[in-house]
Number of protein chains: 2
Amino acid sequence: MKKPIATQSVQDYLKHIYELTEHGSSASTGALAQRLNVKPASVTGMLRKLAAEDPPLVEYQKHQGVMLTADGRRAALEVIRHHRLIEAWLVQSLGYSWDEVHEEAERLEHVISEEFERRIDAALGHPTRDPHGEIIPGADLSMPEDESMPLSALRPGRSATVLRVLARDPNLLRHLDSLGLTPGARIEALDYSPFDNNLTIRVGEKMHVLGLNITTKVFVRFDGESHKD
Amino acid sequence: MKKPIATQSVQDYLKHIYELTEHGSSASTGALAQRLNVKPASVTGMLRKLAAEDPPLVEYQKHQGVMLTADGRRAALEVIRHHRLIEAWLVQSLGYSWDEVHEEAERLEHVISEEFERRIDAALGHPTRDPHGEIIPGADLSMPEDESMPLSALRPGRSATVLRVLARDPNLLRHLDSLGLTPGARIEALDYSPFDNNLTIRVGEKMHVLGLNITTKVFVRFDGESHKD
DNA sequence: AACTTTTTTTAGTCTTAACTAAAATTTGAC
DNA sequence: GTCAAATTTTAGTTAAGACTAAAAAAAGTT
Ligand SMILES: [Mn+2]
Ligand SMILES: [Mn+2]
Ligand SMILES: [Mn+2]
Ligand SMILES: [Mn+2]
C-alpha cells in the first residue's frame, strides 16, 4: 500500500504534467520541456520511464503526449499539497511575502515528511487555499473543482471577488499586490474597451485600467452566482 | 565571493568529516563509510574529488585520512548551522519532540535558503544551542569552544548541569528524557562504583544508577567551575 | 498531394555518486 | 623484522538523469 520512493525529478515531472493536463487535454513533450527547463529529448526519456514503472505513472504513446494514470495523479497531488501547504505556512508563520514563497517551496516540497505535512496543516487550521488562492488538495488528495473565472470575463456593472492569481513571477506578484488584487479583494467593473480588451475596475478606493496580461491571470467569482450547481 | 553549489552528498561528507575531526585528529575512510552508510571504496572516490575541487575542501593523503581545509570547514559549519537551527525550530514552532527532529533536519538542511535560515534564526531569538544542547554555529560560522565534560567524569559529592547529549537514536533520547537528563537539568552525584563504572545520581526527586553507555553520552558543566579560563 | 517546417524520438555521451572485486598498503602479532 | 589481518585504494560497473546530433514523424502550406 506504500509507494516506495519517487525522486525529486520524477516528482517534478508528475507535478508539471498535472498542471498542464488538469483540464482534460494531454501534455506535449515540448511544453513539458519548457516548464521543466530541460531539453525535449530528456523529456521523452523520462516519459518512457514513467510509463514503464511498475504501477505506470503515465499513459504515453509516442507523438501523442502524456496523461497521468490514477497512481501518477495521486503522486502529483501529494507534491502539490506539499507545495501549497508550505507556501501558506511560510507566509503565516515566518512572515514571507507571497512573491518569495514559490522558490522556497519548490525545494522543500520534495523533502518534508508526512508528519511535517500533518503538523503544518494542523498549525494552519487545515487551510483550503495557498497564499495565491490556489486550492490545497485535501489530506486524502481530493481536489475540489475550481469554479473561478478569469477577470477578463467580467463586464461593466458586475462585481466579483478575487479567488486566486495565476502567477509565479515575483515582479508580477508584487504589482498585483500593489493593485490590491489579492485573494478576497472585492472588484467592480466600470468600463470595458472591446478593441484593446482593457477593463476598468474599482478596487476599494482605487481605479485601474487593466490589459489582458493582468485580467487573464486574476481569477474571480462573480457576485450573485450560486456556489453550488 | 560566492561558492557555487555543493551537492547534498558533498555536504554530508563535509559535515561528517567535521564531526569526526572537530577535536584535532583526522577522519579515516572506514569511519566515514560507516557514518555515511556507504562502502569504503565510495568514500575514497569522494575524498579524491573533494581534495581536487578548485578551492580544495579537504586535505587528503592516501592512507592518512582527511582533514577539512578552511573552505571545507566553512561549508560544513553552514550545513551544521542549518541542521541545528531547523531542529530547534521544529521543536519550538511545530511541537516536535527531541527524538523526532534529527531525521527531518537531515533532509531539510540541504535545501533551505539563506533567507529561510535568517528567518528561523530571528523567530527563535538567535538561539545558541539546539534541542540536544549542541552549539549552533553563528551566522558568521563562528564556533565557540565546547567546554562540556562527560557525565562519566562526575564524582560523588559534586554536582553539575546538563549541557548537551550526544545521541541521535530516538529510543535513547526518549530514555534520557524519561530520566530527566535534558539540557539544563541539575545533577548531583551520590555514588560511584569503580569496577562497573556505575554512577548513582540524583535528578530532581529521582535517583538513577547509570552505566557508561549513558554517562559517556551526557555532557555537563561541573558546578563551581569558572566559565572563562 | 508534395514539400517544408516544427515537433518528437532515437542513438550515443557525459556526470555524479554509488557498487563489487581485486590489488596495495598499513597495522599489529609474534 | 616477518607475516597475517585489517584497512584502504584502484579498476571496472551501474543507474539516474541530463545533453547533442541525427533520424523520424506530424503538422502546415501551397
Ligand atoms: Mn520541485
Ligand atoms: Mn502558490
Ligand atoms: Mn544530510
Ligand atoms: Mn541535534
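Residue numbers begin at 1 in each chain, while the letters A, B, ... track the order of the sequences.
Annotation: ring-ring contact (aromatic ring centres under 6.0 Å, His included) contacts involving residues 37-91 of chain A, sequence neighbours excluded, comprise A:His83-A:His102, A:Trp89-A:Phe116, A:Trp89-B:Trp89.
Put simply, CD on B:Gln34 is 10 Å from P on D:dT7, counting in whole angstrom units.
A donor-acceptor contact under 3.5 angstrom links the side chains of B:Ser142 and B:Asp140, judged on distance only.
Salt-bridge check for B:Arg164 with B:Asp130: failed, with every basic side-chain N at 4.0 Å or more from each acidic carboxylate O. Here B:Glu19 pairs with B:Arg35 in a salt bridge; the nearest charged N to carboxylate O distance falls below 4.0 Å. Salt bridge status for B:Asp71 with B:Arg74: present, with a side-chain N to carboxylate O gap under 4.0 Å. For the pair A:Glu109 and A:Lys15, the salt-bridge criterion is met [side-chain N within less than 4.0 Å of a carboxylate O].
Put simply, chain B comes within 4.0 Å of DNA chain C, heavy atom to any atom, from C:dA17 to C:dT26, going 5' to 3'.
Counting non-hydrogen atoms under 4.0 angstrom, A:Ser42 reaches a base of the nucleic acid.
A:Glu104 contributes a side-chain N or O that, together with a main-chain N or O of B:Ser113, makes up a donor-acceptor pair within less than 3.5 Å. Checked by atom type and distance alone, the side chain of B:Ser26 never pairs as donor or acceptor with a backbone atom of B:Met67 at under 3.5 Å.
Contacts of residues 48-65 of chain B with DNA chain C (heavy atom under 4.0 Å): B:Lys49, B:His63. Of all the residues in residues 8-21 of chain B, B:Ser9, B:Tyr13 reach under 4.0 Å from DNA chain C with at least one non-hydrogen atom.
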Please write out the pairs of protein N or O atoms and N or O atoms of nucleotides 12-14 of chain D separated by less than 3.5 Å, giving the distance to one decimal.
none

Please report the C-alpha distance between A:Val91 and A:Glu87 in whole Å, then the side-chain angles of each, then the deciding distance to 0.1 Å, and finally whether the side-chain contact (heavy atoms from CB on, under 4.5 Å) criterion is met. CA-CA 6 Å; A:Val91 167; A:Glu87 284 190 346; 5.9 Å; no
Does A:Ile136 form a side-chain contact (heavy atoms from CB on, under 4.5 Å) with A:Thr128? I'd like the steps, not just the answer. CA-CA 5 Å; A:Ile136 301 174; A:Thr128 60; 5.8 Å; no
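Here the closest non-hydrogen pair linking B:Pro131 and B:Pro183 is O-CG, 3.8 Å.
Between A:Arg81 and the options A:Glu117, A:Glu134, A:Glu114, a salt bridge (Lys or Arg N to Asp or Glu O under 4.0 Å) holds for only A:Glu117.
Look at B:Ser28 and you won't find any side-chain N or O under 4.0 angstrom from OP1 or OP2 of D:dT7.
Partners of B:Tyr18 by side chain to side chain donor-acceptor pair (under 3.5 Å), not counting sequence neighbours: none found.
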